[in-house]
Amino acid sequence: MTVRVIHWGTGNVGRHALAGVLADPRFELIGVHVSGPDKVGLDAAELAGLATPSGVLATTGIEEVLARRPDCVVYTAMTDNRLPEALEDLRRLLAAGIDVVASAPVFLQYPWGVLPAELLDSIEQAAAQGDSSLFVNGIDPGFANDLLPLALLGTCRYVEQVRCLEIVDYSTYDNPAVMFDIMGFGKPMTETPLLLQPGVLSLAWGSVVRQLAAGLGIELDAVTQEYQRLPAPETFDIDSGTIEAGTAAALRFEVRGMVGDRAVTVLEHVTRLRADLAPDWPQPARAGGSYRVEVTGEPNYTLDLAMFSDHGDHNHASLVGTAMRLVNAIPAVVAAPAGIRTTLDLPLVTGTGLADTSRIPAAQQR
């Protein structure tokens, strides 16, 4: 059965997810929701960077989405700077009986023990009211630190610690709001950005360490966080703007799931704006960036996942991976019981096999 889909958000992740929906015969795109008036009326294919018109024109307003009664919404809208509005969007969609796959808010990857009870209850009640399901995922939080480590943990006799790392050069990530306002790059070292405010790291990535603990069948006593920053040695430019000498240019943080005084599940990010910064910090497996899973136990594992593409750099590849994790999950989420669904309870999500190249522009084929 064809799944009727509305796509919501056409930014860095959204345009790739929209292209994935349009290329997949399992789905019928019946609408596109955009936030900016400059995109209203544009064809979905144009928004996705595809040449052949789809006949589906972009609109705005959640009432339009609800009126079309899709089976599923692919929600890739920006949420970091509009969290209350995004959560209300999700509640309304779920309460209306619409399943949702979403790239954010990231704490909904595995929210138990992360969110205040009243906030979590409101989302779960909306899903129960609409008999609908919600799956929030991507690459990080997502398959790089849930699906991959959980697969490795399933082959261990015992585990002492599992550590998931993102080691990425963000200089080509073009999103000034995220880079400057949220992560604090290019800001004075004396200024504490949103991401590094007390408790925010544990809110954003606490879902990762708690889901890994649940997969191991253990209960955490606490979730802790710490970070380091380094300044730019001189002024230089990145895709999002200019980094002045002396402002923040490299960030390393950890979110740790603790049992007693021992860190058993760890999420670590090493973010540089130039490859030569912080040479003593962990280095990627491939120039530009990679994800790494380290398991200490019996046996020990180190698994490196390097992302690259014929059509862009490592950041482009990560955006495509995030988008397609959501798109390929649509059938499983539509078939799932009502509620917040996670990698722990969904069946294995895969692609559709060999590509239908008639749906992919020649320039994007290998």
Side-chain angles (χ1 to χ4, degrees), residues 2-82 85-86 88-90 92-93 96 98-104 138 172-179 239-241 309-313 315-330 355-365:
T2 302
V3 180
R4 289 163 43 88
V5 173
I6 283 182
H7 185 84
W8 187 317
T10 57
N12 283 334
V13 171
R15 66 179 184 271
H16 298 298
L18 180 55
V21 171
L22 286 167
D24 197 318
R26 296 176 295 177
F27 311 128
E28 177 191 358
L29 182 72
I30 63 169
V32 177
H33 180 285
V34 293
S35 58
D38 56 320
K39 294 182 179 181
V40 173
L42 296 181
D43 191 279
E46 181 179 354
L47 292 169
L50 305 178
T52 304
S54 68
V56 179
L57 304 183
T59 60
T60 190
I62 192 170
E63 299 301 336
E64 179 76 18
V65 175
L66 298 176
R68 297 191 185 190
R69 302 192 61 79
D71 300 311
C72 187
V73 165
V74 180
Y75 191 90
T76 62
M78 180 76 166
T79 66
D80 293 336
N81 57 359
R82 49 178 295 276
E85 295 87 350
E88 182 59 20
D89 290 340
L90 295 179
R92 291 192 64 184
L93 293 170
I98 301 168
D99 297 318
V100 181
V101 297
S103 57
T172 61
Y173 186 71
D174 189 6
N175 189 323
V178 169
M179 295 294 291
D239 283 9
S240 288
S309 169
D310 290 345
H311 310 295
D313 70 355
N315 281 316
H316 167 87
S318 294
L319 292 170
V320 175
T322 291
M324 294 312 301
R325 174 71 169 153
L326 300 176
V327 172
N328 286 322
I330 291 172
D356 178 357
T357 55
S358 67
R359 293 170 173 257
I360 303 174
Q364 294 186 19
Q365 296 178 28

Find the distance between CG (Asp99) and SG (Cys72) and round it off to the nearest 0.5 Å.
6.0 Å
Pairs where residues 39-65 contributes a residue and the test salt bridge (charged side-chain N to carboxylate O under 4.0 Å, His left out) is met, not counting sequence neighbours
Glu63-Arg92, Glu64-Arg68
Exercise: do Asp239 and Thr172 side chains pair donor with acceptor under 3.5 Å:
no
Might you work through the side-chain contact (heavy atoms from CB on, under 4.5 Å) test for Ile62 and Glu88, ending with a clear yes or no?
CA-CA 10 Å; Ile62 192 170; Glu88 182 59 20; over 6 Å; no
Any donor and acceptor pair, going by atom type alone, linking the side chain of Thr79 with main-chain N or O of Ala104 inside 3.5 Å?
no
Would you say that Phe27 contacts Ile330 through its side chain, given a criterion of any heavy-atom pair below 4.5 Å between the two side chains?
yes
Atom pair CG (Asp174) and OG (Ser240), whose distance is rounded to the nearest 0.5 Å
4.5 Å
For Ala58 against Leu47, the heavy-atom pair lying closest together:
CB-CD1, 3.8 Å
State, with a plain yes or no, whether a side-chain heavy atom of Val32 is found less than 4.5 Å away from one of Trp8.
no
Heavy-atom closest contact (Thr60 atom, Val34 atom, distance):
OG1-O, 2.9 Å
Atom CZ of Arg69 with >12 non-hydrogen neighbours under 6.0 angstrom:
no
Counting only N and O atoms by type, is there a donor-acceptor contact under 3.5 Å from the side chain of His33 to the main-chain atoms of His7?
no
Residues 316-323, side-chain donor-acceptor partners within the protein, below 3.5 Å, at least two apart:
unit_1 : atom_1 : unit_2 : atom_2 : d
Ser318 : OG     : His314 : O      : 3.1
Thr322 : OG1    : Ile139 : N      : 3.3
Thr322 : OG1    : Ser318 : O      : 3.1

Nearest 0.5 Å, please: how far is CG in Asp71 from CZ in Arg4?
6.5 Å
Search all heavy atoms of Ala96 against all heavy atoms of Leu66 and return the closest pair with its distance.
CB-CD2, 3.7 Å
With no hydrogens and no angle check, is any side-chain donor or acceptor of Asn328 less than 3.5 Å from a backbone partner on Met324?
yes
Atom of Ile30, atom of Val56 and distance for their closest heavy-atom approach:
C-CG1, 4.1 Å
Search all heavy atoms of Gly41 against all heavy atoms of Leu57 and return the closest pair with its distance.
O-CD2, 3.7 Å
Report the distance from atom OG1 of Thr52 to atom CG of Leu22, rounding to the nearest 0.5 Å.
10.0 Å
Interatomic distance, Met78 atom CE to Ser35 atom OG [nearest 0.5 angstrom]:
11.0 Å
Please examine the side chains of Thr10 and Leu18, heavy atoms only from C-beta on, and report whether any two atoms are closer than 4.5 Å.
yes
Side-chain contact test, heavy atoms from C-beta onward, threshold under 4.5 Å: evaluate it for Arg26 versus Thr2 and give yes or no.
no
Between Asn315 and Tyr173, the two heavy atoms sitting closest are ND2-N, 3.7 Å
Step-by-step side chain to side chain donor-acceptor pair (under 3.5 Å) determination, Asp89 to Tyr75:
CA-CA 9 Å; Asp89 290 340; Tyr75 191 90; 2.7 Å; yes
Val65, Thr59, Val21 screened by side chain to side chain contact (heavy atoms under 4.5 Å, CB included) with Ile6, the one that passes:
Val65
First locate atom CZ of Arg15, then atom CG of Leu50, and finally report the distance between them rounded to the nearest 0.5 Å.
11.5 Å
